[in-house]
Protein chains: 2
Amino acid sequence: MTGTPPDGRPVRNLTLREQVLQHLREEILSSRLEPGAELNEVALATSLGVSRGPIREALGRLAAEGLVTITPRRGAIVTKLTKQEFIDAYQVREALESLATRVAVPRLTDEDRAELHRMSDDMRRCAEADDATAFFEINRRFHDKLVAASGNRRLFELHEQLLGQMGRLLQKSAQLRGGLGESAAAHERILEAVDAGDAERAAQLMAEHIEVPQRVLDAPEALDLFDEADPSSEIEKAS
Amino acid sequence: MTGTPPDGRPVRNLTLREQVLQHLREEILSSRLEPGAELNEVALATSLGVSRGPIREALGRLAAEGLVTITPRRGAIVTKLTKQEFIDAYQVREALESLATRVAVPRLTDEDRAELHRMSDDMRRCAEADDATAFFEINRRFHDKLVAASGNRRLFELHEQLLGQMGRLLQKSAQLRGGLGESAAAHERILEAVDAGDAERAAQLMAEHIEVPQRVLDAPEALDLFDEADPSSEIEKAS
DNA sequence: ATGGTGCTAACTGTCAACAATTGACAGCGA
DNA sequence: TCGCTGTCAATTGTTGACAGTTAGCACCAT
């Protein structure tokens with residue numbers, strides 16, 4: 001009986017496809033591979049020491065997840081959202097997190113609430129220290145925590161996927177929200193409603209909180225986080 | 001200059017993977033392949049006259065879409081939602097369609113509204129004729145129409161994917177909603193708010209409309225649309 | 001110069017064969 | 001009878017080779 005090692009699952013017998021998938025996903029999410037980067041199959045294959053089969057399968061999955069954009073017979077690149085796509089995603093995010101908040105509030109334990117407060121306090125500190133990087137990391141955990149607390153697994157997965165697709169743009173766009181302080185305040189207001197057990201109000205506040213950068217993005221093309229070039233062209237991307 | 005044929009895209013030069021993907025997706029969505037059905041790679045390959053490569057890639061994509069469940073060295077089956085997963089999906093659907101309605105209302109043209117009314121009337125007729133099949137088809141188009149009218153492409157895709165996963169269960173569960181008449185009435189109430197240009201109210205009504213079967217599903221395990229057997233087991237399903 | 005044309009190299013799409021794993025079953029022993 | 005063990009057929013995982021397509025470039029004609 002050589003029991004399971006300190007691993008999560010039975011015996012850590014990962015398929016090559018799974019390893020490649022995991023690797024590439026991490027590379028993209030961490031922005032080591034930036035949007036628009038070309039993903040050459042043979043280059044990846046030799047680089048990772050596997051054949052093209054597992055690479056292709058992993059790329060296909062990532063395409064279905066939206067992290068990669070495949071154009072048949074041309075190749076794959078790291079997905080680059082247009083401004084419109086980013087706005088669309090933001091809108092969906094608002095709905096998902098609002099739902100999550102509404103569902104999560106009555107389910108939160110005291111420990112959950114305590115942790116949320118801790119994160120909120122940390123964010124406040126980061127805002128005052130003007131440490132944007134740390135702020136965003138905690139911010140992400142704060143939102144993730146609420147979504148997870150909803151107990152809705154599908155919701156959690158969709159949310160994770162959506163935020164993954166939005167990537168770095170999330171941080172860049174959030175910076176024109178009116179400063180970290182305003183954002184920290186929004187979280188505090190949300191937590192107030194959460195503590196009061198007012199799920200509906202918390203959900204509403206969350207929706208408004210997320211809605212802010214949307215409005216900023218909508219009107220002024222001042223920010224060129226996007227380099228729209230060809231509004232034409234047919235791509236696969238998923239379906 | 002042999003121009004593009006009456007095709008939608010450049011020259012209709014579909015990849016085998018795409019053809020297989022399309023075929024399998026259709027088979028699943030139409031329930032010709034029912035949940036739990038095993039998807040043997042060699043069987044599919046010989047059946048479709050291609051090698052296993054494209055089959056595997058298509059199955060991988062379908063797994064990422066949630067239509068197929070792959071367990072790493074075991075094989076693929078058509079995804080079978082548990083009761084909890086179905087309830088979760090229903091909850092997400094509520095949020096998505098509520099958002100879609102809120103966004104769509106101010107964007108609707110007169111033609112859009114006319115078509116919605118037409119569908120609503122048709123549903124009313126089907127309800128009175130007790131034609132559930134036709135009712136559900138129109139119902140689906142009604143909801144799709146609203147989501148499409150939101151102009152949010154990501155929202156549309158997620159919605160389509162979600163409803164695809166829910167599959168036949170949607171119809172079965174909707175039948176214990178209180179009859180087709182009640183459902184038709186709900187659509188009529190929504191359209192009232194739509195006509196009045198009251199997006200917020202329409203969104204709220206839509207949320208309530210979708211919420212109904214959720215409550216029915218939640219409490220009584222009376223309906224055994226699901227055959228839960230092993231609440232354990234580790235599966236891949238997507239991530 | 002300039003616009004079109006035909007090569008060419010690089011890349012993706014597909015296939016068939018090989019390797020590894022799994023689940024089932026027969027057979028053995030208690 | 002029951003449980004264990006070893007073998008086997010079936011199925012998935014992976015590979016390397018081949019075929020087809022694409023994009024870029026040099027070249028030629030105008």
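Quick note: numbers below take in every heavy atom, side chains included, and nothing from hydrogens, waters or symmetry partners. The chains referred to below are lettered A, B, ... by the order of the sequence lines, with proteins before strands, and numbering in each begins at 1.
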For residues 43-51 of chain A, run the donor-acceptor check on the side chains, cut-off 3.5 Å, and write out each pair with its distance to 0.1 Å, sequence neighbours left out.
| unit_1 | atom_1 | unit_2 | atom_2 | d |
| --- | --- | --- | --- | --- |
| A/T46 | OG1 | A/V42 | O | 3.1 |
| A/T46 | OG1 | A/A43 | O | 3.0 |

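- For the pair A/I77 CD1 and C/dC11 P, the computed distance is 16 Å after rounding to whole Å.
- What separates CD1 of A/I55 from C1' of C/dC11 is a distance of 14 Å, to the nearest Å.
- Annotation: salt bridge (charged side-chain N to carboxylate O under 4.0 Å, His left out) contacts of A/R153 (sequence neighbours excluded): A/E157.
- Residues passing the salt bridge (charged side-chain N to carboxylate O under 4.0 Å, His left out) test with A/R140, sequence neighbours excluded: A/D144.
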* To do: Indicate for each nucleotide in nucleotides 9-22 of chain D, in 5' to 3' sequence, whether protein heavy atoms under 4.0 Å reach the base (B), only the sugar-phosphate (S), or nothing (-).
  => --SBBBB-B---SS

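- Under the salt bridge (charged side-chain N to carboxylate O under 4.0 Å, His left out) criterion, B/E41 pairs with B/R52, B/R56, not counting sequence neighbours.
- When rounded to the nearest whole Å, the span between CG of B/L48 and C1' of C/dT14 equals 15 Å.
- Not a single salt bridge (charged side-chain N to carboxylate O under 4.0 Å, His left out) links A/E26 to another residue, sequence neighbours left out.
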